[in-house]
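Right, one structure below, let's go through it.
Sequence lines set the chain letters: A, B, ... in the order given, protein chains first and strands last, and positions in each chain run from 1. Just so it is clear, the values below take in all heavy atoms, side chains as well, and ignore hydrogens, waters and symmetry mates.
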Number of protein chains: 4
Amino acid sequence: MTEPRNRDTRTKIVEAARDLFWEKGFNSTSIADILSRTQVHSGSLYHFFPGKQDLLVAVLEWYRDGIEENLLAYAWAEVDDPIERIFALLNGYRVMLLTSDYAHGCPIGNLALEISEPDPRVRELIARNFSNWVGAVKACLDGASERLPEDTDKQALAEFVLTIMEGGIMQARTHRDIGLFDRSVAVLRTHFDMLMGQRQAA
Amino acid sequence: MTEPRNRDTRTKIVEAARDLFWEKGFNSTSIADILSRTQVHSGSLYHFFPGKQDLLVAVLEWYRDGIEENLLAYAWAEVDDPIERIFALLNGYRVMLLTSDYAHGCPIGNLALEISEPDPRVRELIARNFSNWVGAVKACLDGASERLPEDTDKQALAEFVLTIMEGGIMQARTHRDIGLFDRSVAVLRTHFDMLMGQRQAA
Amino acid sequence: MTEPRNRDTRTKIVEAARDLFWEKGFNSTSIADILSRTQVHSGSLYHFFPGKQDLLVAVLEWYRDGIEENLLAYAWAEVDDPIERIFALLNGYRVMLLTSDYAHGCPIGNLALEISEPDPRVRELIARNFSNWVGAVKACLDGASERLPEDTDKQALAEFVLTIMEGGIMQARTHRDIGLFDRSVAVLRTHFDMLMGQRQAA
Amino acid sequence: MTEPRNRDTRTKIVEAARDLFWEKGFNSTSIADILSRTQVHSGSLYHFFPGKQDLLVAVLEWYRDGIEENLLAYAWAEVDDPIERIFALLNGYRVMLLTSDYAHGCPIGNLALEISEPDPRVRELIARNFSNWVGAVKACLDGASERLPEDTDKQALAEFVLTIMEGGIMQARTHRDIGLFDRSVAVLRTHFDMLMGQRQAA
DNA sequence: TATGAATGAGTTTTCATTCAT
DNA sequence: TATGAATGAAAACTCATTCAT
């Protein structure tokens with residue numbers, strides 16, 4: 001990633017695009033939306049980004065590069081237990097749903113479903129964002145190894161947690177009812193309890 | 001639902017819209033796409049549907065009204081065991097992912113995330129489609145009551161299955177790797193095994 | 001060519017495009033130019049023509065289909081001698097140069113040089129327009145067979161006449177001096193005189 | 001012509017502009033095209049040239065100033081007979097058509113027809129380029145005076161040769177058939193033969 | 001001179017929708 | 001109901017040019 005000299009304009013554009021894609025989706029966000037929010041002229045935007053897709057790429061890179069400081073640091077600020085960190089992470093999305101009145105789901109998940117014929121860069125960046133998220137959860141599971149059955153497929157379990165998050169958000173937003181999210185998380189909690197119970201039983 | 005006189009044209013339009021929304025998404029499908037696929041003229045389309053949103057409504061009604069014959073009957077043709085029916089249903093989506101080379105996910109889930117400011121009819125129809133799907137799974141769980149712990153929240157568990165399906169599809173499509181779907185389903189299977197093991201143990 | 005029902009709008013567009021392409025060239029004519037001259041809305045234009053290239057195609061078809069009534073009938077109204085008809089045709093371009101103050105050259109020739117990467121339809125239509133023009137001249141030469149040497153390559157000679165026309169116009173416009181056109185035509189006249197003199201001599 | 005200090009950059013720009021105008025035409029060549037081909041920045045280009053027109057002027061000056069070394073020296077390297085030099089010159093364009101697969105015609109002729117409202121400098125420079133070319137041919141004719149009829153208008157005949165060249169190239173490019181060029185040149189050859197035959201007969 | 005960001009009018013084209021027959 | 005022309009706002013993007021450092 002070359003470091004642009006004038007970070008201001010470029011950054012302003014990426015941040016506006018990030019927010020608008022999140023609020024309205026990629027296709028429903030027009031370049032004009034981004035221009036009017038940033039007070040930047042079209043020529044300037046196209047100076048930095050050859051096309052709308054490239055803006056999407058930049059946004060996805062922003063998420064990829066900032067997962068630690070923008071997401072995990074915040075969610076885990078006051079939680080140390082690795083298993084609880086997983087639920088703290090999920091709780092972050094819960095809070096977002098409630099405070100945004102169900103407007104804000106998972107930004108990556110939205111894009112994943114909206115972009116039906118993604119250019120490879122986009123698909124790979126979405127995949128990478130998912131992998132990093134799963135990787136963070138997997139690290140928690142690794143940190144709780146001794147509480148889980150020895151034959152636990154931790155990678156699969158971490159992916160499972162992302163699955164719950166995405167599926168739970170989708171249902172909660174649709175029903176405008178946090179219960180849909182909460183109940184899926186509750187079942188996940190049960191699942192962890194059962195796994196950890198097995199270990200104890202053994 | 002009022003029964004239109006000329007079912008042919010109206011039906012042709014709904015089916016084309018349904019397929020295009022599935023393939024390309026709602027926003028990326030233009031009225032012109034639908035017209036050219038159906039060989040219907042714009043005047044005719046707007047005779048039946050006041051606007052694009054109404055077409056979406058009709059498509060969602062089609063899914064809602066046809067869940068039994070278009071989805072469940074097919075998935076459950078050769079499966080009787082209620083728990084296996086749940087996994088047979090999930091397997092239907094698995095097959096769809098593979099045969100469409102990850103182009104076709106869950107049509108309702110796609111729309112759920114794509115429509116950011118849905119008119120109420122749309123949101124409610126998506127919710128209703130989810131509810132019906134969950135209801136079908138819940139009926140399976142009810143049919144397997146005696147194999148599950150007595151205090152199982154079957155509604156929550158059914159919602160959880162939908163969560164797995166949507167989250168699993170999202171990840172599998174993104175990575176273009178069915179493993180992402182399979183592993184989440186496998187963890188769900190483990191979950192059921194543990195639940196049923198508890199019952200046996202009791 | 002299918003005959004459109006509403007010839008008015010389509011014809012208005014083609015005629016405006018034809019005139020503008022002639023006055024300003026293809027690239028320098030914007031769709032907006034055509035719209036404002038015709039008082040037609042962009043949607044209507046694109047209803048008839050998928051793109052700007054297709055408008056060019058229509059304009060070239062107009063020239064191709066109308067060579068007889070729009071060009072030859074006019075130039076040959078009062079001339080019967082086949083050799084004189086050739087010079088009458090050339091004189092038509094001479095008059096056009098003078099009355100338009102060198103703004104209007106050969107519309108086909110202009111396009112031939114301007115379109116550097118033509119789509120095949122365009123190139124073939126330009127070629128066809130040239131061929132038809134050459135064919136008309138060749139018919140004159142055929143009508144004057146007995147005055148020309150027997151071994152005259154009449155096709156080549158007809159092409160030569162087009163060559164003179166295009167090259168003469170180019171120079172006259174550049175110098176804004178009809179002398180450049182006249183002198184090339186005069187040499188052509190000499191050439192015909194020599195050819196016909198040979199015949200007489202024989 | 002003031003001699004710029006940094007010939008490299010200025011020259012690079014002119015050469016790129018010259019080539020691009022030749023390949024794509026003036027209007028179809030964007031400043032961005034020139035910048036990306038030269039790896040020069042817009043500020044630098046506008047340092048040397050106030051605007052795009054001025055670049056065109058510089059290109060036309062390049063042609064004007066280099067006709068001897070870039071065109072004539074090359075075409076006449078191995079030809080001494082003045083009449084043959086004329087046909088050698090024409091043959092140079094023939095080779096260019098063939099080796100470029102009809103992409104490259106006469107650079108001046110293209111510009112002559114493309115620029116519909118030229119600023120006076122441009123028109124005069126194109127005219128001057130034509131005059132110089134004609135002057136070179138006229139010099140050949142002067143050198144062959146004794147083989148031509150005494151009353152031959154050599155200026156007109158030289159202009160005629162340019163006419164043939166431009167008209168022949170236009171047709172050959174349009175038809176993508178060198179025959180169209182060759183046949184016009186062949187007729188010109190006949191013309192010269194007849195002229196020279198007259199002299200001999202006298 | 002070089003760099004490259006900024007400008008903003010302009011480009012072609014697409015869109016959902018309306019309307020006349 | 002069917003046809004398909006008309007509407008006009010809005011889309012993504014390009015352009016030649018200017019300006020600040």
For this session: Name the orientation class of the two ring planes belonging to B:His104 and B:Trp22 (parallel below 30°, tilted from 30 to 60°, perpendicular beyond 60°).
Result: parallel
Exercise. Is there side-chain contact between A:Arg121 and A:Asp54, with heavy atoms separated by less than 4.5 Å?
Worked result: yes
Exercise. Do D:Val40 and D:Lys12 have side chains that get closer than 4.5 Å, going by heavy atoms?
Worked result: yes
Problem set entry | B:Leu113 and A:Met170, any side-chain heavy atoms less than 4.5 Å apart | yes
Problem set entry | salt_bridge(D:Glu15, D:Arg37) N-O dist < 4.0 Å | no
Problem set entry | Phosphate OP1/OP2 of E:dT1: any D:Thr9 side-chain N/O under 4.0 Å | no
Problem set entry | Which nucleotide in F:dA12, E:dA6, E:dT17 has an atom nearest any side-chain atom of A:Lys52 | F:dA12
For this session: Go through residues 29-47 of chain B and report each residue with a non-hydrogen atom lying under 4.0 Å from DNA chain F, sorted by number.
Result: B:His41, B:Ser42, B:Gly43, B:Ser44, B:His47
For this session: Write down the distance between CZ (C:Phe48) and P (E:dT12), rounded to a whole number of angstrom.
Result: 19 Å
Exercise. Could you spell out the base pairing of DNA chain F in dot-bracket, with Watson-Crick or G-U pairs whose two distances are under 3.5 Å, [ ] crossing and | to another strand?
Worked result: .||||||||||||||||||||
For this session: Check whether any side-chain heavy atom of B:Pro107 lies under 4.5 Å from a side-chain heavy atom of B:Tyr63, and answer yes or no.
Result: yes
Exercise. So which one's nearest nucleotide on DNA chain F is more toward 5', A:Phe26 or D:Asn27?
Worked result: A:Phe26
For this session: Rounded off to whole Å, could you give me the CZ-to-P distance for the C:Phe49 and E:dT12 pair?
Result: 15 Å
For this session: Let me know the distance between CZ of D:Arg10 and P of E:dA2, rounded to the nearest Å.
Result: 13 Å
Exercise. Near A:Arg18 CZ, under 6.0 Å, is it more than 12 heavy atoms from other residues, nucleotides or ligands?
Worked result: yes
For this session: Would you kindly give the CG-to-P distance between B:Asp54 and E:dT18, to the nearest whole Å?
Result: 11 Å
Problem set entry | Side-chain touch C:Ile34/C:Lys52, heavy atoms, less than 4.5 angstrom | no
For this session: Supply the atom-to-atom distance B:Glu124 CD to A:Thr174 OG1, rounded to the nearest 0.5 angstrom.
Result: 12.0 Å
Exercise. What integer distance in Å separates B:Leu56:CG from E:dA16:C1'?
Worked result: 15 Å
